[in-house]
Structures are given as C-alpha cells and as structure tokens.
Amino acid sequence: MSDTKELILNIKELSIEKEQYVDDLLRFLEEQLPQIELSRNGNELEILMPINLAKRAIKLRLKKFLYRKNLNEKYRPISYNTSENQGYMIKEKRALELTYY
C-alpha cells in the first residue's frame, strides 16, 4: 500500500499567457509545500503528495499564487475528477460583457 497520492494540475491556459508564470508556480508550490514532489509533462504538473495532505491544501496554494501575481481576476482553479486521474485545472474566468444601447 502506497502512502502517496497523485494529483494532476492542468496549466495549459496559464502557460499560454506567459511561461514565466508556470516557473513561478512551480517554485511557489515547492516553497509552500516542501513535502510534495512536482514533475512537469507539457501542460500538466504531476503532484505526488502524502495521503494525509488534503487536496484542498493544493487549491488554497493555487488561489494564493494567483492572488500574489494579480491573476485572480483572470484565472481560477477548478477541480476535476476522471476515471484515471483527479486534480485541478487553471481556467480563465468567464467575463460577462453587457452591451447597452
């Protein structure tokens, strides 16, 4: 029985914006959560974390990162679960555009 679990973080939209944000996110997560292991495969980050660490802790750090980089008005982390993996994706917020005439 393994004492780690894996989360997938989809960073496609963030890497399209600016590659430096992805590097900063990697550094930020490593500093905030030293007990996790990160590896990058294209537009996905694989996070190996202890079982006793809540998935919510990752989401909290993602929100904190977006706030510190002033990206919280543009992006947000969204949880997803599929049959083979679970994790978060950083999606661009939908902007409601109202036109008055």
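Hydrophobic clustering, defined by side-chain heavy atoms of Ile, Leu, Val, Met, Phe, Trp and Tyr closer than 4.5 Å, leaves L60 isolated from every other such residue. The hydrophobic cluster containing I78 also includes I8, Y80, M89, under a criterion of side-chain heavy atoms closer than 4.5 Å among ILVMFWY residues, counted directly or through chains of members. The hydrophobic cluster of I16 has no other members, since no ILVMFWY side-chain heavy atom comes under 4.5 Å of it.
Taking E19 as the reference, R40 meet the side chain to side chain donor-acceptor pair (under 3.5 Å) condition, with sequence neighbours excluded. With sequence neighbours excluded, the residues forming a salt bridge (Lys or Arg N to Asp or Glu O under 4.0 Å) with E13 are K91, listed by chain and number. With sequence neighbours excluded, the residues satisfying salt bridge (Lys or Arg N to Asp or Glu O under 4.0 Å) with D24 are R27, K69. Scored by the side-chain contact (heavy atoms from CB on, under 4.5 Å) test, K93 finds R76 as partners (sequence neighbours excluded). Judged as a ring-ring contact (aromatic ring centres under 6.0 Å, His included), and not counting sequence neighbours, the contacts of F65 are F28. For E17, the side chain to side chain donor-acceptor pair (under 3.5 Å) partners at least two apart in sequence or on another chain are K74, Y75. A search for side-chain contact (heavy atoms from CB on, under 4.5 Å) contacts involving Q35 returns L33, P50, L53, not counting sequence neighbours. The side chain to side chain donor-acceptor pair (under 3.5 Å) test applied to N43 returns S15, not counting sequence neighbours. Residues that satisfy the side chain to side chain donor-acceptor pair (under 3.5 Å) test with N41, not counting sequence neighbours, are E46.
Atoms CG and CG, from L26 and L9 in turn, are 9.0 Å apart once rounded to the nearest 0.5 Å. Atom CG in L45 sits 6.0 Å away from atom CG in L25 (nearest 0.5 Å).
Smallest separation of non-hydrogen atoms from G87 and L7: CA-CD2, 3.8 Å. For the pair L29 and I36, the tightest heavy-atom approach, listed with the atom from each and the gap, is O-CD1, 4.1 Å. I11 and E44 make their closest contact through CG1-N, 4.3 Å (heavy atoms, listed as atom of the first residue, atom of the second, distance).
Side-chain contact between I58 and M49 is present, with at least one heavy-atom pair separated by less than 4.5 Å. Contact of the P77 side chain with the L66 side chain is registered, since non-hydrogen atoms from C-beta on lie closer than 4.5 Å. K55 places a side-chain heavy atom less than 4.5 Å from the side chain of S79. In this structure the side chain of Q32 reaches within 4.5 angstrom of the side chain of K64, judged on heavy atoms. L14 is listed as a side-chain neighbour of L71, based on a closest heavy-atom distance under 4.5 Å. Taking 4.5 Å as the limit, every side-chain heavy atom of I47 sits out of range of all side-chain heavy atoms of E37.
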### Message
Assess the residue pair Y88 and N10 against the criterion (side-chain contact (heavy atoms from CB on, under 4.5 Å)); give the C-alpha distance rounded to whole Å, side-chain angles, the decisive distance to 0.1 Å, and a yes or no.
### Response
CA-CA 6 Å; Y88 292 103; N10 187 327; over 6 Å; no

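For the pair K18 and Y21, the cation sits on the ring face: its NZ or CZ lies under 6.0 Å from the ring centre, inside 45° of the axis.
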